[in-house]
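Below you'll find the structure, written out as structure tokens, and then a few comments.
Computed over heavy atoms, backbone and side chain alike; hydrogens, waters and symmetry mates excluded. One is the number of the first residue; the rest follow in order along the sequence.
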Amino acid sequence: MAEKKKASSAKTTTKVVATTDVDKKSKKLVKKSNAASSGKKSDAVTQKKQRDNYFIGAWRELKQVRWPDRKETWGLTFAVIVYSTFFFILIILLDAFFKYLFDLVVGG
């Protein structure tokens, strides 16, 4: 019975690797460029295709971004202003306090 518990408590991990059509195409391009790397024209073509694949991938990522609306933008802007003001005042007060302590210690 104890052996069954040990066997059932073993953890199984699965690694999932996502591949896209762009990844497959770029691998094919690399293979083709290695096979035909003797010509300058083929190198220029593969570089252009790799550049195009980069911009296509970047455009896909930008389409997945959830952009904030106007209300969220103003709320976050207000939060940044409040936090910046708070830390500005905190640093000014700490600077004045340490200057006061320094003047006491030095006696000036």
Asp52 side, atom CG; Gln47 side, atom CD - distance, nearest 0.5 Å = 12.0 Å
request  = Only pairs at least two apart or in different chains count here, so list each salt bridge (charged side-chain N to carboxylate O under 4.0 Å, His left out) that has a residue in residues 64-87.
outcome  =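 For residues 64-87: Arg66-Glu72.
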Kindly list each side-chain donor-acceptor pair under 3.5 angstrom involving residues 74-96, sequence neighbours excluded, with atom names and distances?
from	atom 1	to	atom 2	distance (Å)
Thr77	OG1	Thr73	O	2.7
Ser84	OG	Val80	O	2.8
Thr85	OG1	Ile81	O	2.7

